[in-house]
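Per chain, numbering begins at 1; letters A, B, ... match sequence-line order.
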Number of protein chains: 2
Amino acid sequence: MPLSTRGIDAQDCNDAAPEDRAEAGDHAWDTLLELVTSRPKRAPDRKQNRSKRTEQQILNAALRVFARDGISRSRIADIAAEAGISTSTLYEYYKSKEDLAYDLPNSHLVSFFQEYRAAVVGKTSAREKLLLYLSMSADFAREHADWGRLFYLEIWPSVLVSETELRHSVDDFARIARYLIDEGVRQGEFPAGRNSYETASLLLGAVNQVIITWLLYRRPRNLTKASAEMADRVITMIANERP
Amino acid sequence: MPLSTRGIDAQDCNDAAPEDRAEAGDHAWDTLLELVTSRPKRAPDRKQNRSKRTEQQILNAALRVFARDGISRSRIADIAAEAGISTSTLYEYYKSKEDLAYDLPNSHLVSFFQEYRAAVVGKTSAREKLLLYLSMSADFAREHADWGRLFYLEIWPSVLVSETELRHSVDDFARIARYLIDEGVRQGEFPAGRNSYETASLLLGAVNQVIITWLLYRRPRNLTKASAEMADRVITMIANERP
DNA sequence: AAATAACCCGACAAAACGTCGAAAAAAATT
DNA sequence: AATTTTTTTCGACGTTTTGTCGGGTTATTT
């Protein structure tokens with residue numbers, strides 16, 4: 001649980017000190033990080049502690065079962081049993097399997113953004129920030145492989161994701177990459193003249209491909225090394241690209 | 001229906017004329033193309049024409065319904081109704097919805113390989129072949145958008161694909177890219193010293209990302225142009241990479 | 001044209017999903 | 001601390017979807 005309750009304070013500095021130093025106090029960057037780490041949780045309307053515990057049990061159980069069987073083969077009854085509750089209780093918390101599946105990855109995703117936010121402090125160049133971002137995203141999937149399988153292999157590419165709340169967090173994922181690419185161009189680390197949207201697709205597509213292959217086949221063996229290499233390689237290519 | 005019945009003749013040239021010209025008559029390349037265009041169809045044991053028609057109706061209906069509702073929300077009964085048959089008849093052909101969903105993309109995929117095989121004749125450099133391959137893959141998804149949604153957004157990344165027959169065709173997809181990269185290195189078009197597996201991930205990941213984004217959001221508007229640009233850009237980067 | 005094989009469907013069984021009202025537990029009120 | 005009220009849980013039950021089976025229909029073979 002990194003960073004915890006930083007929610008409010010970064011936002012209301014909007015009208016406060018408008019620093020003019022170009023490098024260090026990057027306003028838009030802070031705002032973006034604040035945004036992605038504070039997407040509101042759905043349905044926080046439970047009163048008793050017992051409920052929070054039950055909800056957590058459901059989430060843990062669902063993650064295990066989904067990762068093991070895939071969403072389509074998983075049964076609500078199995079998840080409820082694994083969570084130690086009755087199926088009807090589960091329906092008190094989520095109105096359907098789909099609802100559960102598409103809410104589930106949210107908390108992990110926010111955790112990832114929080115971890116990144118904490119780790120990126122001190123990095124100055126856009127290139128460093130970008131490399132860290134991509135490396136950390138792969139490492140996060142490795143450390144939370146059950147979540148990774150669910151998110152990268154079932155949720156992210158799904159047609160259904162565009163109808164859910166999760167969509168915003170997914171969009172944030174690309175938004176950060178795009179922001180850093182633009183920043184790199186402004187600071188002269190990357191050549192100008194390219195569509196940053198396309199460049200972001202290139203970067204994310206390449207790294208995600210490595211992650212997905214690892215999640216499916218556990219190859220290459222060392223994901224941390226492979227993804228960092230890939231990220232570094234592609235970033236270098238982009239930096240050296242003739243405009 | 002491109003190329004139609006070229007199945008057999010290319011195979012029995014295995015023991016025939018072993019041409020030594022390095023460029024034109026590339027044996028391994030022909031063999032690979034032959035392999036990917038002739039993956040055996042599952043369950044060809046139907047005798048009557050009536051059955052072939054019924055099976056085709058099922059496939060067409062399933063493609064429409066899956067693309068419209070997503071696999072998980074689609075109902076067998078809907079597909080059967082759309083195909084103009086009873087549900088129990090559908091079960092004569094496919095033992096489950098999953099079975100149907102994972103067999104469905106096969107024929108289109110083979111068609112794509114066949115179209116590519118026909119179009120690549122005459123291209124000599126590995127770079128040209130690779131560019132054509134990636135461009136055509138995007139264009140094929142655009143022309144068969146229903147199939148594209150099913151294949152790229154639901155089947156390919158799925159955990160379940162690794163258990164199905166379709167896996168082989170999916171593997172073929174990457175194998176061709178890898179082959180062409182290796183060929184490019186041999187012919188000096190690309191610098192040596194890189195893992196061709198990694199380079200293939202980079203290429204496919206980048207282009208697929210463009211395709212997926214288009215399938216989900218219809219952006220960028222012109223997929224043909226965007227994917228060709230992306231492919232060309234990445235191939236150029238790889239060609240210019242310092243070893 | 002009779003026999004055999006292939007194909008199709010209605011009726012039924014099984015499994016999974018989802019709802020509801022009442023019981024149990026916790027919190028609030030008196 | 002007994003009560004009322006609110007929150008949470010669960011078993012019983014209805015609905016939807018999946019999957020099976022035997023017999024009837026159509027095509028093919030002899």
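One side chain, Asp26(B) or Tyr179(B), offers a donor N or O that lies under 3.5 Å from an acceptor on the other.
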Can you pull every protein N or O that's under 3.5 Å from an N or O on nucleotides 18-22 of chain D?
unit_1, atom_1, unit_2, atom_2, d
dT18(D), OP2, Ile76(B), N, 3.1
dG19(D), OP2, Tyr91(B), OH, 3.0

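Comparing Gln48(B) and Ser51(A), the nucleotide of DNA chain D nearest to each residue sits closer to the 5' end for Ser51(A).
Separating the NZ atom in Lys225(B) from the CE atom in Met230(B) is a distance of 13.0 Å, to the nearest 0.5 Å. How far OG of Ser158(A) is from OH of Tyr102(A): 3.0 Å, rounded to the nearest 0.5 Å.
Taking 4.0 Å as the cut-off between side-chain N and carboxylate O, Arg46(A) and Glu55(A) do not count as a salt-bridged pair. Taking the charged nitrogens against the carboxylate oxygens, Glu92(B) and Arg50(B) have no contact shorter than 4.0 Å, which rules out a salt bridge.
Counting only residues at least two apart or in different chains, side chain to side chain donor-acceptor pair (under 3.5 Å) contacts with residues 135-144 of chain A comprise Asp139(A)-Arg142(A), Asp139(A)-Thr224(A), Arg142(A)-Thr224(A).
The distance between atom CZ of Arg46(A) and atom C1' of dT8(D), rounded to the nearest whole Å, is 7 Å. One interatomic measurement links the two molecules: CG of Asp78(B) to P of dT16(D), which rounds to 13 Å at whole-angstrom precision. One atom, CZ of Arg50(A), and another, C1' of dT7(D), lie 7 Å apart when rounded to the nearest Å. What separates NZ of Lys47(A) from C1' of dT6(D) is a distance of 9 Å, to the nearest Å.
Between chain B and DNA chain C, the heavy-atom contact criterion of under 4.0 Å yields a 5' to 3' nucleotide range of dA6(C) to dG10(C).
A centroid separation of 6.0 Å or more is found between the aromatic rings of Phe140(A) and Phe113(A).
Trp147(A) does not carry Arg149(A) over the face of its six-membered ring by the limits of under 6.0 Å from the centre and within 45° of the normal.
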